[in-house]
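Below, all heavy atoms of this structure are taken into account, side chains as well, without hydrogens, waters or symmetry copies. The sequence lines fix the lettering, A, B, ..., with proteins before strands; numbering per chain opens at 1.
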Amino acid sequence: MLFPTLNFALFFMVVFAISWELKDREEFRKAFLLGASYFFYGYWDWRFTALLAGSSLINYAAGRFLSLTDDDRQRRILVATAVALNLSILGLFKYYGFFLDSLADVLLAMRWERDLPFMEIVLPVGISFFTFQGISYVVDVYRRDIPAADSALDIFLYISFFPQLVAGPIVRAAHFLPQLNQKPQLERSMVSLGIVLILIGLFKKMVIANYLASELVDTVFFDPSVHSSPDLLLALYGYAVQIYCDFSGYSDIAIGVAALLGYRFKWNFNQPYRAASLREFWHRWHISLSEWLRDYLYKPLGGSRHGGLKTYRNLMLTMFLGGIWHGAAWTFVMWGLIHGSVLAAERLLASIRSAPAPAVAIVGFGHGATGQLLSAGSAGQHIFSRVVRIFMTFNIVCFAWIFFRAENFAFALDYLNGLIDWNGEAQFAGPFLVVLIGASLACHFLPETMVEHVARRLEWLGPIGLGLILGFGVLLIEAVAPEGVAPFIYFQF
Amino acid sequence: MSFALEFRKNHLSGRAAPVIAPAKRRRARSKSADRKAVNAATSISGRQVARALMIAGLILAVFNSSALVQYTHRLSDNVLGPEIIIASEKWHALMETGRMTEISHRIRTAVATARTSSWHDIGENLGLDVRQISQSGEPNSQSNNGIITSAPQRPDERGEQPLRSSIADGSS
C-alpha cells in the first residue's frame, strides 16, 4: 500500500479512528496497531508477513535471553547469534543472487565454470529497514542501553509499525519503546506538524519527484550515450533533487502519520544539499541510517580511537557496507567507496589544517576602522569559502549519484564519458524542469526550522481550518501531479 | 470486617493514620489534574483531526470526483463493484453539472501549459528579445550548431496551431 493513494487514505482514516477510540486500553491499542501494520505490509504480499513475524520473534527472544544472563561470554554468543540470524535473512533475500552472479563471473574468469544453485528470490519490501531495527534493538539490549522488553507485543509493533516499516526512518528502540509504554497523547502541535509534514511529503513525492523521474531522469539514465552533455548534467542534478524529494517525502509522510497516531519520530533529513562537507552531508541526509552506521558499525570497528590509518579504514568499511546495504550491485559498492574516500580525504585535510601553526595566532582585528574592514573582509571570505564548499560537496554527491542510479557500471561510465566529452545542445532544459530543479535546490537554503514555524502557526486552527488546508492541499497536489503513482525509490532497499 | 473492628483499627490501634503533607497532596492532585487535562486535550485533538479528515475527504469527493470514478473502476472485481462504479459516475456527473470539477481542470491546464512552455514563450510573456534567449527546450527555434540564424517564428506564423490551444484541446 503506497502512501499517496486513496487506499492508504481510507486505511489511515480507519486506523486513526479506532486507535484513538482504544486510547484508554493501551494493550488493545497496540494489538490493533500491530494488526493494522501487518495488514499494511501484507497488502503487497501476505506471505512476507511471516518473514516479518519471524524476524520480530528472533529479536524478541534474543532480548529476553540476554536479560536472563549476566555472563559476558553467553551474552556475546547470544548477540552474535541474533545479529547473524538477522543478517542471514537479509543476505538470503537481498544478496543471494548477487553473490552467485559474482561467483559465477569469478569462476568463469578462472575457467572453473560450475553449475551454481541459482534461485529466483523476490526481495521483500523494506527488509533492510526492519532488519536494521531488529539488530539495533538486540545490540542496545546487549550493551545495556535499554532493558529487554517484557512484552512481545512491544517488539513486534516496534519492528512492524506501518509508518516506518517499508522505507524508514530507521527508528531506534531506545526512542520508540518508551513511547509505547506511555499513554498516547495527541497534542495540537503534533496534529498541525503531522498535517504540514504529510502535505509537504506528498508534494515532494507526487509533484517534484514524479515529474523529474518521468520527464527527465528516467529517459536520460535509460541510455546516457545518446544524450548531450548539458542534458546529462541537468538529469544528474534532476536525479539529486528527485531522490531527495522521493525519500525525504516518504520520511515526512511517515513522521506526520506517526505524529497523528501519537508517536514522535526523529527527523530523517535536514536540507542535505546545503552541506559544506560530506561529513555535514551525512548529518543531514538519511540521518537515521548514518546514525545507525555510526553506532553499530563505525564505532564497534574502532571509530577514530586508534589513530589515522585505522580511522580511514573504518570510514571506508562503513561506507562500503552502507553502499551494499542499499542494494546488491557493484554500482552501490562504488557509491559507498566514493563517499568513504571523500570522507577520509576530508578528515586528512582537517587533520593537516588543525596541526599547530608556527605563525602568530590572530585573535581578532580590533575595533578600529581597519579592524572592521578586515573583519568584514574575513566574513566575506568565510561566506565565499562556504559557498564554494557547498558547491563542491553538492557536485561530489551528484558524481556519486551517477553510480547509485545507473543500471550497471557500463551505463555509469557512459554517463561519465558523456559529461567529460562536453558537446551537444540541451534538449530537456525547458523552463519547467529548470525551475523545478532550481526551486527545489533553493528550498535547501530556507531557514531550517521553517516547517515547525508553519506548523506552529496552524496549531490553533479548528477542525474546519485544518480540514480545508488538508483537503485543498491534497486537491492542489493531485491536480498538479502527473498521472499515476510511482513507487518510492527506497522501497527496493 | 465488622464496624467495631474497623473502628478499632482506625482509631484505637495506636498507629497514626498516614498523614499526607499538604504540599504532597497538592502535587498529587495537580499531577492527576494534569493527566486529566492531557487526556481531555488528546480527546479534543483526536475529534478535531477526525473532523478535519472528514472535511478533507468531502472536499476531495466534491472537487476531485473524477479520481473517485477512477478508483471505483479499479474495484470492478469486487462483488459491489458495478454498483459502486455506477454510484461514483452519477456523483461525478452531478459534480460536473455543478462545475465543481472546474478547479482541478483549470489547475491541470495551467500545469500542462507550464510544462510545455519554452524559453521563447517565457521571453515573449516577459517582453524580452526572444533572439537572445537560449534555444533550450524550444520546439520552434531554428539553430545551426547553436547559432541562431533568424528569429524563431511563432507557431501561428508558421501556419500551425499555437502550443497552448493544442494543450487546451487535449491534443498534444
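Proximity to chain A at a heavy-atom threshold of 4.5 Å picks out B:Ala50, B:Arg51, B:Ala52, B:Leu53, B:Met54, B:Ile55, B:Ala56, B:Ile59, B:Leu60 from residues 50-61 of chain B, in numerical order. Contacts with chain B (heavy atom to heavy atom, under 4.5 Å) involve no residue of residues 227-240 of chain A.
Annotation: side chain of B:Thr116 is not in contact with side chain of A:Phe432 (no heavy-atom distance under 4.5 Å). Between B:Val111 and A:Tyr211 there is a side-chain heavy-atom pair separated by less than 4.5 Å. The shortest distance between side-chain heavy atoms of B:Arg47 and A:Trp20 does not fall below 4.5 Å. With contacts defined as side-chain heavy-atom distances shorter than 4.5 Å, the pair A:Val474/B:Phe63 does not qualify.
Atoms OH and CG, on B:Tyr71 and A:Asn7 in that order, are 3.5 Å from each other to the nearest 0.5 Å.
At distances below 3.5 Å, at least one donor-acceptor pair connects side-chain atoms of B:Trp119 with backbone N or O atoms of A:Ala429.
The contact between A:Leu468 and chain B is made by backbone and side chain atoms together, counting heavy-atom distances below 4.5 Å. Neither the backbone nor the side chain of A:Val435 comes within contact range of chain B; no heavy atom of the residue lies under 4.5 Å from a heavy atom of that chain.
Between chain B and the residues A:Glu21, A:Glu478, A:Met190, A:Glu187, the largest count of heavy-atom pairs under 4.5 Å involves A:Glu478. Of all the listed residues (A:Leu6, A:Leu433, A:Leu466, A:Leu260), the one sharing the greatest number of non-hydrogen pairs under 4.5 Å with chain B is A:Leu6.
A 6.0 Å sphere centred on OH of A:Tyr43 holds no more than 12 heavy atoms belonging to other residues, nucleotides or ligands. Residue A:Ile464 places its CD1 atom among 12 or fewer non-hydrogen atoms of other residues, nucleotides or ligands, all under 6.0 Å distant. More than 12 non-hydrogen atoms from other residues, nucleotides or ligands lie less than 6.0 angstrom from CH2 of A:Trp422. Shown here is A:Met13, whose CE atom has more than 12 heavy atoms of other residues, nucleotides or ligands within 6.0 Å.
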